[in-house]
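Sequence lines set the chain letters: A, B, ... in the order given, protein chains first and strands last, and positions in each chain run from 1.
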Number of protein chains: 2
Amino acid sequence: MSSPTHSKKETPINPFVRVREDHATELAEDYLELIEDLIEQSGEARAVDIAAAMGVRQVTVTKAIGRLKRDGLVTAAPYRSIFLTDQGKQIAKRARARHHTVLGFLVALGVDPEVAEIDAEGIEHHLSPPTFIAMQKFIEQQPAVA
Amino acid sequence: MSSPTHSKKETPINPFVRVREDHATELAEDYLELIEDLIEQSGEARAVDIAAAMGVRQVTVTKAIGRLKRDGLVTAAPYRSIFLTDQGKQIAKRARARHHTVLGFLVALGVDPEVAEIDAEGIEHHLSPPTFIAMQKFIEQQPAVA
DNA sequence: TCCAATTTGTAGCCTAGGCAAACTTTGATG
DNA sequence: CATCAAAGTTTGCCTAGGCTACAAATTGGA
């Protein structure tokens, strides 16, 4: 059962390597999703609100925004609020869809929504497409939760 | 500002804070579980094998082992192989049980075992007890997967 | 026994992501 | 329009967790 060399982009064979790669993008996704939420809810994304939501100090947000800017995911002028670039919006949208699915899945599994919300945040960045699809199928097949 | 900080700490921690805390212990758990595996499989845990399994350089293993030593989870003399302390064994045992359950759950969900193995590594560190129990129940209720 | 390959350790460097303290900018209010 | 609190930034520090390059110890084979 050696590999039939299906020319797909190589997914890391090593699970630990995969996890390390996931971690590298995970915080960025959380920030982007949060920024989009704040803009929708309150019209703008301010560092003070991001810090409160993330449970970190403002200075930590400043540094994180700097990285997001460097990577072309947000735009931000000093002392002004933060905006997503198109690329940032795309990532935020995918992150939100994934979060929504994982949350729905956990609830369908019977997990309390509050607990599901917390756990979803942890696991949503570590799902390969097949697992994601399996969760979606499970939600669809689920009879009304009694 | 009027509220004098109702100082709760146990439950409703911010999901992002929870994830940060999980990340702090996650690598240690992976190392401990791996070390135990290596000891069982080959009689001893050597840095070179740990490095290969984790997908990192040996120097990275040396540093990680140093942290585990500092935290009382392993013992290791220079140029000798690595052993788990009782506390380390306990953590490894719990980690392995969790891994096994998550893997079984994903497979029961219909995910291909190879994919499940990779995804399990990512998500097993982010499950609260209720979610864990829900997964166990799901496995039990599952009819034999044909 | 001795030597060379393997393995482990050390030194030094890097980025991410945290923090506190001090400073600057903004904007609301008299 | 002066002031001042809130918000944001800068500086400097820390740990975790990666890396390369090199040094030292161990071990197996001739």
What does the list of N/O pairs under 3.5 Å between the protein and nucleotides 1-5 of chain D look like, with a distance for each?
none

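Both A:Ala28 and A:Arg57 lie close to DNA chain C; mapped to their nearest nucleotides by heavy-atom distance, the more 5′-ward contact belongs to A:Ala28. Of the two residues near DNA chain D, A:Ala45 and A:Arg20, the one whose nearest nucleotide lies more 5' is A:Ala45.
The CD atom of B:Gln58 sits 19 Å away from the P atom of D:dG17 (whole-angstrom rounding). Following rounding to the nearest Å, A:Asp49 (CG) and D:dA6 (C1') show an atom-to-atom distance of 12 Å. Nucleotide C:dT25 holds its P atom 17 Å from the CZ atom of A:Arg46, rounded to whole Å. Remark: P of D:dG17 and CD1 of B:Ile65 are 12 Å apart, rounded to the nearest angstrom. B:Asn14 places its CG atom 11 Å from the P atom of C:dG18, with the value rounded to the nearest Å. The CD1 atom of A:Ile50 sits 13 Å away from the P atom of C:dG18 (whole-angstrom rounding). Rounded to whole Å, the distance from NE2 on A:His23 to P on C:dG18 is 12 Å. Here the P atom of nucleotide C:dT7 and the OH atom of B:Tyr79 are 14 Å apart, to the nearest Å.
When side chains are defined from C-beta on, B:Phe105 counts as touching A:Leu109, because their heavy atoms get closer than 4.5 Å.
Within the model, atoms CG of A:Leu34 and CD1 of A:Ile50 stand 6.0 Å from one another, a figure rounded to the nearest 0.5 Å. A distance of 13.0 Å separates CG in B:Leu32 from NZ in B:Lys93, rounded to the nearest 0.5 Å.
For B:Thr62, the side-chain atoms get nearest to C:dG9 when compared with the rest of C:dG18, D:dA7, C:dG9. Comparing C:dC19, D:dG18, D:dG8 by their nearest atom to the side chain of B:Thr60 picks out D:dG18. You'll find that the side chain of A:Arg80 is closest to C:dT26, out of D:dC19, D:dT27, C:dT26.
Classification of A:Glu29 and A:Arg98 as a salt-bridged pair holds, one side-chain N sitting under 4.0 Å from a carboxylate O. Salt bridge present: B:Asp22 and B:Arg18 bring a charged side-chain N and a carboxylate O closer than 4.0 Å. For the pair B:Glu36 and B:Arg94, the salt-bridge criterion is not met [side-chain N within less than 4.0 Å of a carboxylate O].
Without hydrogens or angle criteria, A:Asp49 side chain to A:Leu38 main chain gives no donor-acceptor distance under 3.5 Å. At distances below 3.5 Å, at least one donor-acceptor pair connects side-chain atoms of B:Thr101 with backbone N or O atoms of B:Ala97.
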Could you write nucleotides 11-16 of chain C as a row of B, S and -, 5' to 3', where a protein heavy atom under 4.0 Å of any base atom gives B, of only sugar-phosphate atoms gives S, and otherwise -? B----S
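Relative orientation of the A:His23 and B:His23 rings is tilted, given thresholds of 30° and 60° on the angle between their planes.
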